[in-house]
Amino acid sequence: MKKLDGIGNGVVKVSLAVTLLLSVVALVLSLMSMQEANGLKRGFEDGFRIDGVYRDRETGLTSIAFHEEDGNRWQFVSSGGEAADGTFKVTEDPNAFTLVDQSGNEYGFVHLSYASAGGDEGVLYLNDGTSVLAFDKAGKYPAFIETQ
C-alpha cells in the first residue's frame, strides 16, 4: 500500500468531510419533507387549522378572519370597508365550513384547501352564492374590526 503524502492526505480528509456534511444535510431535508407530508396527510384527514387572516388573491384589499377558540367566529371585510361577521360550522368535510351571519342566515361556504403545519401559509375559497373568491393566508393570528 502506498503511503499518502501530507497534501494527498489533506485532500482525502476534506473530501470525506464534504461528503459527510452533504449526507447530513440530505438527511435533515428528507426528515423535514417527511414531516411536512405527514402534516398535510393529517390536515386532509382531520382538518387544517383555519385560524388567522386571509386576503383575497386578486387585490389583497378584501379580508376574512377566523378564530376557532372564540366560538368559531369569522369576519369578512370588503375592499370598501363593509364588514359581515358571525359564526362558522364544520361540515362533514373537516376543511369545509358553513358561514352563518349574526342574524342566523347562511352567508356562504368556505373551503380551506391547504394550511401549513406552522399555520403561516394557507389557501381558502369563499363561495358567497354569487361568486367564488380565492384567499391566501396573510397571518396566523385572527384580527377583527369593531362593527356597530
Side-chain angles (χ1 to χ4, degrees), residues 9-148:
N9 196 15
V11 170
V12 170
K13 286 181 181 179
V14 169
S15 297
L16 285 174
V18 168
T19 302
L20 181 63
L21 178 64
L22 290 175
S23 297
V24 169
V25 168
L27 179 64
V28 168
L29 291 175
S30 177
L31 290 173
M32 288 172 56
S33 177
M34 286 175 32
Q35 183 180 12
E36 182 70 19
N38 286 335
L40 284 173
K41 182 180 176 190
R42 275 192 308 277
F44 289 129
E45 292 174 354
D46 302 328
F48 294 109
R49 288 202 44 89
I50 195 168
D51 284 355
V53 176
Y54 300 79
R55 299 233 181 263
D56 78 285
R57 188 174 284 169
E58 191 173 313
T59 66
L61 300 175
T62 300
S63 68
I64 190 165
F66 296 89
H67 190 36
E68 288 179 300
E69 295 174 6
D70 191 16
N72 286 351
R73 183 176 173 202
W74 65 270
Q75 183 178 66
F76 177 85
V77 180
S78 72
S79 60
E82 297 88 24
D85 53 357
T87 58
F88 60 91
K89 300 178 201 171
V90 179
T91 64
E92 289 180 18
D93 177 343
N95 292 306
F97 307 88
T98 302
L99 304 180
V100 178
D101 67 19
Q102 288 183 338
S103 301
N105 301 313
E106 189 172 307
Y107 182 84
F109 178 82
V110 170
H111 182 259
L112 180 58
S113 62
Y114 165 76
S116 66
D120 51 352
E121 297 177 46
V123 176
L124 68 77
Y125 297 90
L126 166 66
N127 182 337
D128 65 3
T130 59
S131 62
V132 176
L133 296 173
F135 290 81
D136 293 311
K137 196 161 200 176
K140 62 182 177 180
Y141 301 107
F144 296 91
I145 63 168
E146 290 295 321
T147 58
Q148 298 158 337

From Ile64 CD1 over to Leu124 CG, what is the distance, rounded to the nearest 0.5 angstrom? 6.5 Å
Short question: side chain of Ser113, backbone of Val123 - any donor-acceptor pair under 3.5 Å? yes
Could you list the residues that satisfy side-chain contact (heavy atoms from CB on, under 4.5 Å) with Thr59, not counting sequence neighbours? Asp56, Leu61
Mind listing the closest non-hydrogen atom pair of Val53 and Ser63 along with its distance? CG1-CB, 4.3 Å
Do Gln102 and Asp85 pass the side-chain contact (heavy atoms from CB on, under 4.5 Å) test, and can you show the C-alpha distance, the side-chain angles, and the key distance before you say yes or no? CA-CA 6 Å; Gln102 288 183 338; Asp85 53 357; 3.2 Å; yes
Would you give the length of the straight line joining atom NE2 of His111 to atom CG of Asn95, rounded to the nearest 0.5 angstrom? 5.5 Å
Looking at residues at least two apart in the chain, or sitting in another chain, which of them share a side-chain contact (heavy atoms from CB on, under 4.5 Å) with Glu106? Thr98
Mind checking whether Phe88 and Phe97 have parallel, tilted or perpendicular rings, split at 30° and 60°? perpendicular
Considering all heavy atoms, the nearest Ala143-Ala65 contact: O-CB, 3.4 Å
Kindly determine whether Asp101 and Phe76 satisfy side-chain contact (heavy atoms from CB on, under 4.5 Å), including the steps that lead there. CA-CA 10 Å; Asp101 67 19; Phe76 177 85; over 6 Å; no
So how far is it from Arg57 CZ to Leu133 CG, rounded to the nearest 0.5 Å? 11.0 Å
For the CD atom on Glu58, are there more than 12 heavy atoms of other groups (residues, nucleotides or ligands in this structure) within a distance under 6.0 Å? no
Is a side-chain donor or acceptor of Thr91 paired with a backbone partner of Asp93 at a separation under 3.5 angstrom? yes
Is a side-chain donor or acceptor of Asp51 paired with a backbone partner of Glu68 at a separation under 3.5 angstrom? yes
Does Tyr107 have its ring centroid less than 6.0 Å away from the ring centroid of Trp74? yes
Flag side-chain contact, heavy atom, 4.5 Å: Phe66 against Leu112: no
From NZ (Lys137) to CD1 (Ile50), nearest 0.5 Å: 8.5 Å
Under the side-chain contact (heavy atoms from CB on, under 4.5 Å) rule, what do Leu126 and Leu99 come out as? Steps first, then yes or no, please. CA-CA 9 Å; Leu126 166 66; Leu99 304 180; 3.7 Å; yes
Measure across Ala83 and Ile145 and return the closest heavy-atom pair with its distance rounded to 0.1 Å. CB-CD1, 4.0 Å
What ring pair (Phe, Tyr, Trp, His ring centres under 6.0 Å) pairs are there with at least one residue in residues 119-144, not counting sequence neighbours? none
Minimum-distance pair of heavy atoms, taken over all atoms of Arg55 and Gly60: CD-O, 3.2 Å
